[in-house]
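The first residue in the sequence is number 1, and the count goes up from there.
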Amino acid sequence: MDQNIPDDFADLIGIDAPALKQGVPLVTMSGDAFEGASQTSFELALWDSPMKSADAEILPEKAILDPRVRDMRRNDALVSNGVRSHQDSIVGEIFLLNSKPNYTLLGLDEVWAEEFQEEVESKFSTWAESLDFWPDAQGKSTLTDLVRLAVGIYVTGGEVLASAEWLNEPGRPFSTAIQMIDLDRLSNPNGAVDTLTLRGGVTRNRFGAPTGYHIRNAHPTDFTFGNESFTWKYVPRTKPWGRLQMIHIVDQQRADQTRGVSAVVSALKEMRMTKKYRDIVLQSAALNATYAASIESELPTEVVMTQAGGGDPSAITKYAAGYLGAIAEYTKGARNITIDGVKIPHFFPGTKMKLQNAGTPGGLGTTFEASMLRYIAASLGLSYEQLSKDYTQANYSNLRAALAETGKRQRVEKRRVADRFASLVFRLWLEEALNKGQITSMPRNAPNWYDGLNSDAYSQASWIGANNGQIDGLKETQAAVLRINNGLGTHEDELAALGMDWRSVYRQAAREKKMREKLGIEFGADKTSKNTTNAASGTPTDDGGNPRSEVKGEDTDE
């Protein structure tokens, strides 16, 4: 093919014109507007990324992904620690209600709101944390335990599923109870194919809103329980009058997504390979430590030839028997030779003792393993230090930065999962309590629960979870005092960050102060509280704790 291309044009576009004139074919094709969409580049040519809906991506592979994530949680200490860190950092040891009814919307006053708060918090917290485990339909867990479980399930499965049960049992103060449901039990009856209105066990209306759930009566693998694994129960999402029957919290990453999937799946390969890497390194170390020592010697030529496959095979056996016997006879007399109680063996000529290295896991704790752990930490929303518990290279500044980033992720997760789950339980309980007349602070003309947004206004609340922790208690306490003194925060906010309810703290502080005054006790904190406040606010003080000027020569008495 004749290529009549001017040399100057060929140079302009970077093509070897003489080579073209010699018969090298010229291939021309249109360029890609986005390099990431190129189908001709060497790096991206084989990148096949099919276009699917959210459910088409998740539902066929969820039955594989969820068990793999759970397997890593069971068998990998670091992944298990990552899930536990979410539970400890979001929920903590107790999850406390902070009722905040919207009295403005209800047309009531603030005095009523305070009375309502006191009564509701007292009664609900007693029920929620009772050692009779009233909130749990299985009678095993307090509300805090259920919220911790919900957070753990969410991290490994990307969704939480529970049903609101009504238990009419003798002795129960309230009939409301929560039944946690394994995600594997939510599925289409008899393995039916997904449709527009049925996906992953969830029935949907024409807008995609869930209207009901198909729950297996037993886990798919519980074959020993008869036919329960092959039967389903349909549960509407709400009762006809609006009471919630199913709690389904989904980590929705795309529009029109019915079921969730864990964010951890993006690092499953790294998790699996990192665990295998640690296993192999530890096996190597254990193998190296199997033999503590060996005796080395030079063998005759005929023995070496026999080992290589030539000569009489029995020669090495005969030689070894005689040789080792001679060593034993030779060293027999030297067994008791010692220096300061330490034995000194005398080996046969040409023989030497070699101590074997016990073996060290050289790959563990290296930068390579650390880089792998950072992938896992990112998928779990934690810092490398929190996941690995390795703080050897950390300082105050980077720890604060890491905790700030992790804190943002966990505050979102607390709001979306822990707070939402607990608020739904509180709403179910409060509806029953109001209908039974258990809330005595309700006025006679109180707005009806079922009208408009009243149910939301009555059940509006925030939740006090885990203590955020402090790296430098003095600095962070001073910062908290500065925020309060300058109107950038409240005692409620600061105490909630420490996992405490400000009302309980104030009441306890008043009781302690009253008791000290009664007994005539005065602690150092009572004397120096003024100094502490001024120090925390950054104001210079004199020996008596009074503010003093930093301007030299200024008369502070004026």
Side-chain angles (χ1 to χ4, degrees), residues 85-98 100 151 377-378 380-416 418-419 461-513 523-551 556:
S85 293
H86 279 267
Q87 295 171 316
D88 294 342
S89 301
I90 294 173
V91 184
E93 67 273 15
I94 188 169
F95 211 55
L96 295 175
L97 169 68
N98 185 19
K100 293 186 175 183
V151 170
L380 285 167
L382 301 173
S383 67
Y384 164 77
E385 291 81 8
Q386 287 175 297
L387 178 67
S388 64
K389 301 299 183 183
D390 177 17
Y391 297 94
T392 56
Q393 303 299 320
N395 55 42
Y396 178 80
S397 298
N398 59 35
L399 277 179
R400 288 291 302 169
L403 289 177
E405 289 298 315
T406 303
K408 286 191 292 186
R409 166 78 174 268
Q410 292 179 341
R411 282 193 297 273
V412 171
E413 196 166 301
K414 177 180 181 294
R415 180 72 173 178
R416 293 177 59 191
D419 288 6
S462 62
W463 294 87
I464 301 171
N467 185 335
N468 290 345
Q470 294 180 325
I471 300 175
D472 188 321
L474 177 60
K475 289 182 180 179
E476 294 173 42
T477 300
Q478 290 175 341
V481 173
L482 283 172
R483 285 192 293 268
I484 293 172
N485 290 345
N486 292 279
L488 301 177
T490 65
H491 284 89
E492 179 181 5
D493 297 332
E494 299 301 337
L495 288 170
L498 298 175
M500 295 183 286
D501 181 6
W502 68 276
R503 296 187 187 91
S504 298
V505 172
Y506 276 18
R507 283 193 290 264
Q508 181 63 26
R511 285 193 292 267
E512 292 181 4
K513 181 179 180 181
F523 293 119
D526 299 325
K527 303 175 183 178
T528 60
S529 58
K530 187 174 182 180
N531 294 30
T532 304
T533 303
N534 287 334
S537 64
T539 303
T541 61
D542 58 21
D543 294 338
N546 301 310
R548 62 176 176 80
S549 172
E550 289 184 302
V551 180
T556 56

(Q) We want to know whether T490 and D493 form a side-chain donor-acceptor pair, criterion being a heavy-atom distance below 3.5 angstrom. (A) yes
Q | N485 side chain vs G487 backbone, donor-acceptor pair below 3.5 Å | A | no
Q: Output, in order, the C-alpha distance, side-chain angles, deciding distance and verdict of side-chain contact (heavy atoms from CB on, under 4.5 Å) for L96 and W463.
A: CA-CA 6 Å; L96 295 175; W463 294 87; 5.9 Å; no
Q | Nearest heavy atoms of L387 and A377, plus distance in Å | A | CD2-N, 3.5 Å
Q | Closest contact, heavy atoms only, A461 versus L97 | A | CB-CD1, 3.5 Å
Q. Got a second to check how far Y384's OH is from Q393's CD, nearest 0.5 Å?
A. 8.5 Å
**Q.** side-chain contact (heavy atoms from CB on, under 4.5 Å) involving E93 - partner list, sequence neighbours excluded
**A.** none
(Q) Donor-acceptor pair, distance only, cut-off 3.5 Å: does the side chain of N395 make one with the backbone of N398? (A) yes
Q: Measure the CG-OG1 distance between L498 and T477 for me, rounded to the nearest 0.5 Å.
A: 7.5 Å
(Q) Please report the interatomic distance CG(D501) to CG(L495), rounded to the nearest 0.5 Å. (A) 8.5 Å
**Q.** Closest heavy-atom pair and its distance - Q410, S85
**A.** NE2-O, 4.2 Å
Q.
Could you report the tightest heavy-atom contact between G381 and T406, atom names first, then the distance?
A. O-CG2, 3.5 Å
Q: Identify whether the distance between the nearest side-chain nitrogen and carboxylate oxygen of K100 and E492 falls below 4.0 Å.
A: yes
Q.
Show the nearest heavy-atom pair for residues S89 and A466, with the distance to one decimal.
A. O-CB, 3.4 Å
Q. Got V91 and H86 here, is their nearest side-chain heavy-atom distance under 4.5 Å?
A. no
Q | E385 vs D390 side-chain heavy atoms within contact, under 4.5 Å | A | no
(Q) If you apply the rule salt bridge (Lys or Arg N to Asp or Glu O under 4.0 Å), what do you find for E405 with R400, and how did you get there? (A) CA-CA 9 Å; E405 289 298 315; R400 288 291 302 169; over 6 Å; no
Q. Taking atom CZ of R507 as the centre, does the number of heavy atoms from other residues, nucleotides or ligands within less than 6.0 Å exceed 12?
A. yes
Q.
If the condition is side-chain contact (heavy atoms from CB on, under 4.5 Å), which residues does E494 pass it with, not counting sequence neighbours?
A. A480, R483, I484
(Q) As an exercise, state the distance from CD of E512 to CZ of F523, rounded to the nearest 0.5 Å. (A) 8.5 Å
Q. Who pairs with R416 by side-chain contact (heavy atoms from CB on, under 4.5 Å), at least two apart in sequence or on another chain?
A. Y154, D251, V412
Q) Between F95 and K414, is there a cation-pi geometry (under 6.0 Å to ring centre, at most 45° from the normal)? A) no
Q.
Treating Q386 as the side-chain partner and S383 as the backbone partner, does any N or O pair qualify as donor plus acceptor under 3.5 Å?
A. yes
Q.
For I464 versus A496, what's the shortest heavy-atom pair and its separation?
A. CG2-O, 3.9 Å
